[in-house]
**Student:** 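Got a structure here, written out as structure tokens. Questions coming.
Bear in mind that the values here come from a model prediction, so they are computed numbers and not experimental data.
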Amino acid sequence: MLIDRTVVEVRSGHGGNGAISFLREKNVPKGGPDGGNGGNGGSVYFIAKKNINTLLAYRHSRLIAAEDGGKGDKKMRFGASASDVYAEVPCGTLVYVEGESRPIADLKNDGDKVCAAKGGRGGRGNAAFKTSRNRVPKIAENGESGEKKRIVLELKLLADAALVGFPSVGKSTLLNIVSRANVPTADYEFTTLAPNLGVVTLEDGINQFVLADMPGLIEGAHEGKGLGIAFLRHIERCRVLIHVVSMDGTRDPYHDYEVINAELRDYGAGLENRPMIVVCSKMDVEGAEERKKEFDKKLGFESYGVSALTDDGVALVMKKAFELVQKTPEFPLYVPGEEEEGGIKVYDAHLESKGPVYTISHPSDHLFVISGEEVEARYSRMNLSSDQGVAKLIAYLNSLGIDAALREKGAKDGDEVRLCDFVFEYTD
Ligand SMILES: Nc1nc2c(ncn2[C@@H]2O[C@H](COP(=O)(O)OP(=O)(O)OP(=O)(O)O)[C@@H](O)[C@H]2O)c(=O)[nH]1
Ligand SMILES: [Mg+2]
């Protein structure tokens, strides 16, 4: 069975707590603070791998968790950062947060990855909070919490072209003869229950494309009739559709043709606008030629005729399909960064006239300086001789999003950050 959609829970690790400790040595009566930082919690990533074909691995393992970061310790010992977890998925997997309609990633190519749950940052130990006014800080930060999310993984097959049509028109038979696929075929409807893929090699022995054989569609499929149309999501990426219509005389070909086109349209993803090759199958059956002539007349152009029995016309259709695949651009399902415009900017005359709350400058390697009228005014009002005072300052800086701003400016682990005479270490 092809597992093409699954829900998993991801959990990243908590950051380790920073330590509060003071150096105690025989000959050093009043040693300074030496509590180390906690380590970062591990993150959970999904990564596309070309040697994986299904989401089967996630059918039973429903939880993907990364470990917590280690605690900081005395003597400046830093807690260990936990390893990130990379969960492997097939190329062509879309990753969604459950309940959201927009994917967070489209992992198309081998090695594409996305962070689904970010590990919590380790807390700073008390050694990081020494100031000229408070040389013995008795506070440390706790590590940030990890994230917990439910993630929907959806596999959209990466086929270049797809065979669509009513049941029993010979789609699977066609796939079998043009590729090494060995898909069951039979003279009853809905033989194929899930899409199959085959690699088609043209007569030149060089050019190839991937062809998908889809389950049959019937009238009302978009309302759930037959096998429904949910499986059509697999062909959203296809550049070309090969629409197979049977000329065996058991059905009205033109009516079938219109019904399938309507179902493609009702699917709602623009499939009706895909370049399409119309193929009349079973041309070996008596009366097929006449039926095709009639059909082409209604169509207004000449369709391709094939017979899987005699092999007639098959190579030509594959060549045409390849040419169309070549000249049709890809249909991206999700363009990163192309977010919808949204949100309303709130203007605040008070804030705007005063300039930014803070700015960050980077005067030398490993040094960042926070300045600004407002942040400096707040700082000067704080009593930093007590631990509560320092804790208040840290909470204030956190509320300004200083850490993220520093990261953006290129701050690295261990860099020094100054605000007036308050100095602390940046941690990633
Ligand atoms: N005479 C003749 N019979 C064919 C030809 N192609 C397929 N058939 C027969 O038609 C029947 C249906 O073929 P399938 O390939 O299973 O049809 P399908 O379109 O994949 O059907 P579903 O999977 O149910 O949608 C089988 O009995 C095939 O042997 C052909 O070119 N000529
Ligand atoms: Mg089939």
**Student:** Is it the case that over 12 heavy atoms from other parts of the model lie below 6.0 angstrom from the CD atom of E154?
**Tutor:** yes
**Student:** Within this structure, what is the NZ-CZ distance for the pair K138 and F22, rounded to the nearest 0.5 Å?
**Tutor:** 6.0 Å
**Student:** Please report the interatomic distance CD1(I218) to CZ(F190), rounded to the nearest 0.5 Å.
**Tutor:**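 So the gap between those two atoms works out to 4.0 Å.
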**Student:** Checking the side chain of R251 only, and the main-chain atoms of D256 only, is there a donor and an acceptor separated by less than 3.5 Å?
**Tutor:** no
**Student:** Step by step, would you call V199 with S179 a side-chain contact (heavy atoms from CB on, under 4.5 Å)?
**Tutor:** CA-CA 5 Å; V199 177; S179 73; 5.5 Å; no
**Student:** Is there a side-chain contact between F209 and Q326 (heavy atoms, below 4.5 Å)?
**Tutor:** no
**Student:** Would one find more than 12 heavy atoms of other residues, nucleotides or ligands at under 6.0 Å from atom NZ of K282?
**Tutor:**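 It does: K282 NZ has more than 12 such atoms within range.
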**Student:** Can you tell me how far the CD1 atom of I360 sits from the CG atom of L406, to the nearest 0.5 Å?
**Tutor:** 4.0 Å
**Student:** Taking NZ, NE, NH1 and NH2 as the nitrogens, is one of them in E323 or K319 under 4.0 Å from a carboxylate oxygen of the other?
**Tutor:** yes
**Student:** Are any side-chain N or O atoms of S281 and backbone N or O atoms of V169, one a donor and one an acceptor, separated by less than 3.5 Å?
**Tutor:** yes
**Student:** For the atom pair CG (L94) and CZ (R5), what is the distance rounded to the nearest 0.5 Å?
**Tutor:**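 Spacing of CG (L94) from CZ (R5) equals 11.0 Å.
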**Student:** Do the charged groups of K118 and E147 touch, with an N to O distance under 4.0 Å?
**Tutor:** no
**Student:** Before giving the answer on side-chain contact (heavy atoms from CB on, under 4.5 Å), spell out for Y304 and L316 the whole-Å C-alpha distance, their side-chain angles and the decisive distance to 0.1 Å.
**Tutor:** CA-CA 8 Å; Y304 291 85; L316 179 63; 3.9 Å; yes
**Student:** Is there a side-chain contact between M276 and N261 (heavy atoms, below 4.5 Å)?
**Tutor:**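 Heavy-atom side-chain distance check passes, below 4.5 Å.
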**Student:** When you compare the side chain of I151 with that of V97, does any pair of heavy atoms fall below 4.5 Å?
**Tutor:**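 In short, these two side chains touch, coming nearer than 4.5 Å.
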**Student:** If only atom types and distance count, is the side chain of K412 paired as donor or acceptor with the main-chain N or O of Y426 below 3.5 Å?
**Tutor:** no
**Student:** Is there a side-chain contact (heavy atoms from CB on, under 4.5 Å) between V44 and R11? Walk through the geometry before answering.
**Tutor:** CA-CA 7 Å; V44 177; R11 265 188 241 164; 5.8 Å; no
**Student:** So do the side chains of I64 and F46 get within less than 4.5 Å of each other, counting heavy atoms only?
**Tutor:**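 They are in contact (side-chain heavy atoms under 4.5 Å apart), so the answer is yes.
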**Student:** Within a strict 4.5 Å, meaning less than it, do heavy atoms of the E425 and N37 side chains meet?
**Tutor:**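 Heavy-atom side-chain distance check passes, below 4.5 Å.
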**Student:** Test: salt bridge (Lys or Arg N to Asp or Glu O under 4.0 Å). Region: residues 42-53. Which pairs qualify, not counting sequence neighbours?
**Tutor:**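 The answer is K50-D110.
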**Student:** Taking atom NZ of K74 as the centre, report whether more than 12 heavy atoms of other residues, nucleotides or ligands fall under 6.0 Å from it.
**Tutor:** no
**Student:** side-chain contact (heavy atoms from CB on, under 4.5 Å) between S371 and E376: does it pass, once the steps are laid out?
**Tutor:** CA-CA 6 Å; S371 55; E376 287 175 34; 3.2 Å; yes
**Student:** Checking side chain to side chain contact (heavy atoms under 4.5 Å, CB included) against L175, which of N182, T185, I242, V183 comes through?
**Tutor:**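 Running side chain to side chain contact (heavy atoms under 4.5 Å, CB included) over N182, T185, I242, V183 with L175 returns exactly one hit, V183.
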**Student:** Determine whether more than 12 heavy atoms belonging to other residues, nucleotides or ligands lie under 6.0 Å from atom OH of Y188.
**Tutor:** no
**Student:** ring-ring contact (aromatic ring centres under 6.0 Å, His included) with H362: which residues, sequence neighbours excluded?
**Tutor:** F368
**Student:** Side chains of Y257 and V278, heavy atoms from C-beta outward: is any pair under 4.5 Å?
**Tutor:** yes
**Student:** Considering residues at least two apart in sequence or located in another chain, which fulfil the ring-ring contact (aromatic ring centres under 6.0 Å, His included) criterion with F424?
**Tutor:** F422
**Student:** For R407, is the CZ atom crowded, meaning more than 12 foreign heavy atoms sit under 6.0 Å from it?
**Tutor:** yes
**Student:** If a pair satisfies side-chain hydrogen bond (donor to acceptor under 3.5 Å, both in side chains) and one of its residues is in residues 202-228, list it, with sequence neighbours excluded.
**Tutor:**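 The answer is S172-D213, N196-D213, T201-Q208, D204-N207, H222-E263, H222-D266.
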**Student:** Are the side chains of L419 and Y358 in touch, meaning some heavy atoms are under 4.5 Å apart?
**Tutor:**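 They are not in side-chain contact.
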**Student:** Side-chain polar contacts of residues 77-86 - donor-acceptor pairs under 3.5 angstrom, sequence neighbours left out - could you list them?
**Tutor:**
| unit_1 | atom_1 | unit_2 | atom_2 | d |
| --- | --- | --- | --- | --- |
| S81 | OG | N40 | N | 3.0 |
| D84 | OD1 | S43 | N | 2.8 |

**Student:** Using modelled atom types and a 3.5 Å cut-off, is there a donor and acceptor pairing between side-chain atoms of N126 and backbone atoms of G35?
**Tutor:** yes
**Student:** When rounded to the nearest 0.5 angstrom, what is the spacing between CD1 in I260 and CZ in R265?
**Tutor:** 12.0 Å
**Student:** Would you mind reporting whether V423 and V417 have side-chain heavy atoms less than 4.5 Å apart?
**Tutor:**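 Counting from C-beta outward, V417 and V423 never come under 4.5 Å.
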**Student:** Would you say the side-chain atoms of N17 pair up with the backbone N or O of K71, donor to acceptor, closer than 3.5 Å?
**Tutor:**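 Such a contact is absent between N17 side chain and K71 backbone.
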**Student:** Could you give the distance from CG (D160) to OG1 (T328), rounded to the nearest 0.5 Å?
**Tutor:**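 Separation between the atoms: 10.0 Å.
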**Student:** Donor-acceptor pair, distance only, cut-off 3.5 Å: does the side chain of H243 make one with the backbone of I277?
**Tutor:**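 Such a contact is absent between H243 side chain and I277 backbone.
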**Student:** Sequence neighbours left out, what pairs pass side-chain hydrogen bond (donor to acceptor under 3.5 Å, both in side chains) with at least one residue falling in residues 391-404?
**Tutor:** R121-D403
